[in-house]
Engineer: 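Before anything else, here's the structure in question.
Counting begins at 1 with the first residue of the sequence.
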Amino acid sequence: ILIISLIATTIISLSLQFILERIQVDKMLRRFYDYLLPELLILLTSILLPSLYLQMGLSIFLITLVVITFLIYRRSYLSTLMINLEARIQEMTALSTLSTTMATHLSLAGTIDSIYKELSKLLDATTFYIALYNEDHDKFDYRLLVINEAKIKRDKEVHDRGLIEYIIRVKQPIRHTRDDIRLLFKNLYDSSDLADKQYMLAPLMVSTKVIGVIGVSHANKDDAFSEHDFALFQTISSQASLAIRNAILYDRTVRLADNL
């Protein structure tokens, strides 16, 4: 009965990783030492410890238990370091790729598309958007709107009275949950239509001028974006601002040349 219970516990633990953390079976098999091996070691240890206690006595049992606990902690600590290191390497690679691709894409459409592709690799978001701001007409031009990986078309120029207008006015990035937004901005505008659970927005600025807004949100998680994600998002928005400004100037030059 004990062995069956331990096996069932191991299966449940792996199933929870698969369901809650969305870790695919093929990833578990590829990273055997990170996912399957710890569960198998715990199962084996749980079976052997009772017999060790009965045969070797309490002192040997306690020493063995302390050593096993230390090894499990050390393995967990090293695994966490490796995961964090891989995440930082992925971020640095994405930022480097973003800089390169934004330098090679001269057109505005190509630049915005490359920004989205790299940003989607780093952030767990269900919605991405980039809106350019026309200060003379006080209107927004949504050049990118992606919801659940599907590109959505919006009117070219719209008046937007909400979070985006707030970002344009204060010229500061924000990271808030839906409940926080409804509490903080309840006297500024009607936030009852907010559907997603967490939002991050940042102004696209060149010097002191706002040329647009970049934003991401998650439909189901109110903790999708951490403080680290927020700092990374601001770094990307700074790079994106210069790239979009250059692309706008390039498109404007091409149109003038075509009209000559």
Side-chain angles (χ1 to χ4, degrees), residues 19-24 27 83-84 86-99 101-102 105 108-133 140-154 158 160 162-168 170 172-185 191-205 210-241 243-244:
I19 295 172
L20 298 180
E21 300 181 20
R22 299 180 180 179
I23 298 173
Q24 301 300 321
K27 183 178 180 180
I83 291 172
N84 291 335
E86 289 176 0
R88 300 297 86 78
I89 292 174
Q90 183 183 20
E91 290 170 4
M92 294 298 293
T93 302
L95 289 173
S96 176
T97 304
L98 183 61
S99 299
T101 53
M102 287 191 302
H105 284 293
L108 183 57
T111 298
I112 289 178
D113 188 57
S114 66
I115 293 170
Y116 161 67
K117 287 180 179 178
E118 297 306 321
L119 192 62
S120 62
K121 295 177 184 178
L122 299 175
L123 298 177
D124 178 23
T126 56
T127 299
F128 299 83
Y129 53 88
I130 294 177
L132 303 184
Y133 178 57
F140 296 92
D141 180 0
Y142 279 83
R143 292 302 183 99
L144 174 75
L145 176 58
V146 179
I147 301 176
N148 295 323
E149 301 183 358
K151 290 188 176 181
I152 308 298
K153 290 185 177 180
R154 285 197 61 171
V158 295
D160 204 321
L163 277 179
I164 289 184
E165 183 192 37
Y166 174 79
I167 296 299
I168 293 292
V170 300
Q172 294 292 329
I174 64 168
R175 178 182 71 100
H176 290 305
T177 64
R178 180 176 58 194
D179 293 339
D180 289 340
I181 292 172
R182 288 176 175 172
L183 181 63
L184 294 171
F185 305 116
S191 58
S192 60
D193 61 340
L194 293 177
D196 292 350
K197 288 196 172 182
Q198 191 179 22
Y199 295 81
M200 285 199 304
L201 293 91
L204 298 171
M205 298 186 63
V210 180
I211 62 172
V213 173
I214 182 172
V216 296
S217 59
H218 200 289
N220 305 314
K221 299 179 182 178
D222 57 8
D223 58 350
F225 312 125
S226 64
E227 285 286 352
H228 178 76
D229 292 333
F230 188 42
L232 182 64
F233 179 67
Q234 293 178 74
T235 300
I236 293 175
S237 67
S238 297
Q239 289 189 352
S241 300
I244 289 174

Engineer: If you take all heavy atoms of F128 and S120, which pair is closest and at what distance?
Structural biologist: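 Minimum heavy-atom separation between F128 and S120: CZ-CA, 3.6 Å.
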Engineer: To check you understand the geometry: which heavy-atom pair defines the closest contact between S217 and Y199, and what is its length?
Structural biologist: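 Between these two residues, the closest heavy atoms are CB-CD2, 3.6 Å.
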Engineer: Where the side chain of D113 meets the backbone of G110, is there a donor-acceptor pair that is under 3.5 Å apart?
Structural biologist: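 Between the backbone of G110 and the side chain of D113 there is no qualifying donor-acceptor contact (under 3.5 Å).
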Engineer: Determine, stepwise, if the pair L132 / I211 fulfils side-chain contact (heavy atoms from CB on, under 4.5 Å).
Structural biologist: CA-CA 6 Å; L132 303 184; I211 62 172; 5.5 Å; no
Engineer: Looking at every heavy atom in both H218 and D196, which two are closest together, and how far apart are they?
Structural biologist: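 Between these two residues, the closest heavy atoms are O-CB, 3.2 Å.
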Engineer: So do the side chains of Y166 and I174 get within less than 4.5 Å of each other, counting heavy atoms only?
Structural biologist: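 In contact.
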Engineer: Considering non-hydrogen atoms only, spot the tightest contact between K197 and A219 and give its length.
Structural biologist: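 Heavy atoms of K197 and A219 come nearest at CG-O, 3.4 Å.
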Engineer: To the closest 0.5 Å, what do you measure between CG (N148) and OG1 (T126)?
Structural biologist: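 Going from CG on N148 over to OG1 on T126, the span is 5.5 Å.
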Engineer: Main chain of A109, side chain of R143: is a donor-acceptor contact present, judged purely on distance under 3.5 Å?
Structural biologist: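 No; zero donor-acceptor contacts below 3.5 Å.
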Engineer: Taking the side chain as C-beta and beyond, is there a heavy-atom pair between I115 and L144 under 4.5 Å?
Structural biologist: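 No. Closest side-chain heavy atoms not under 4.5 Å.
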Engineer: Can you name the nearest heavy-atom pair linking A125 to F225, along with the distance?
Structural biologist: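 Closest approach of A125 to F225, heavy atoms only: CB-CZ, 3.8 Å.
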Engineer: Does any part of the side chain of M200, heavy atoms only, come nearer than 4.5 Å to the side chain of Q234, both counted from C-beta?
Structural biologist: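 Not touching, per the 4.5 Å side-chain cut-off.
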Engineer: How many angstroms lie between CD1 in I167 and CG in L204, if you round to the nearest 0.5 Å?
Structural biologist: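 CG of L204 is found 10.5 Å from CD1 of I167.
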Engineer: Here's a test for you: under side-chain contact (heavy atoms from CB on, under 4.5 Å), which of I152, L145, V146 qualifies with T127?
Structural biologist: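 Exactly one candidate clears the test, L145.
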Engineer: Should the ring pair Y142 and Y129 be called parallel, tilted or perpendicular, given that the plane angle runs from 0 to 90° and is split at 30 and 60?
Structural biologist: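 Judged by the thresholds at 30° and 60°, the geometry between Y142 and Y129 is tilted.
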Engineer: In terms of relative ring orientation, are Y133 and F140 parallel, tilted or perpendicular, with 30° and 60° separating the classes?
Structural biologist: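 Geometry flag for F140 against Y133: tilted rings.
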Engineer: Atom CG of L122 and atom CG of L232: how far apart are they, to the nearest 0.5 Å?
Structural biologist: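 Between L122 CG and L232 CG, I get 5.0 Å after rounding to 0.5 Å.
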Engineer: My understanding is that only one of R175, H176, K221 makes a side-chain contact (heavy atoms from CB on, under 4.5 Å) with Q198; could you say which?
Structural biologist: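 Looking at R175, H176, K221, the match for Q198 under the side-chain contact (heavy atoms from CB on, under 4.5 Å) is R175.
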Engineer: How close do P203 and S241 get, heavy atom to heavy atom, and via which atoms?
Structural biologist: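 Residues P203 and S241, closest heavy atoms: O-OG, 4.2 Å.
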Engineer: At what distance, to the nearest 0.5 angstrom, does CD of E165 lie from CG of L163?
Structural biologist: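 Separation between the atoms: 10.5 Å.
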Engineer: Measure the CG-CG distance between D179 and L184 for me, rounded to the nearest 0.5 Å.
Structural biologist: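 Interatomic distance, D179 CG to L184 CG, rounded to 0.5 Å: 10.5 Å.
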Engineer: Indicate yes or no: at least one non-hydrogen side-chain atom of I236 is less than 4.5 angstrom from one of L123.
Structural biologist: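 Heavy-atom side-chain distance check fails, nothing below 4.5 Å.
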Engineer: Measuring from M205:CE to I168:CD1, what's the distance to the nearest 0.5 Å?
Structural biologist: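 Going from CE on M205 over to CD1 on I168, the span is 9.0 Å.
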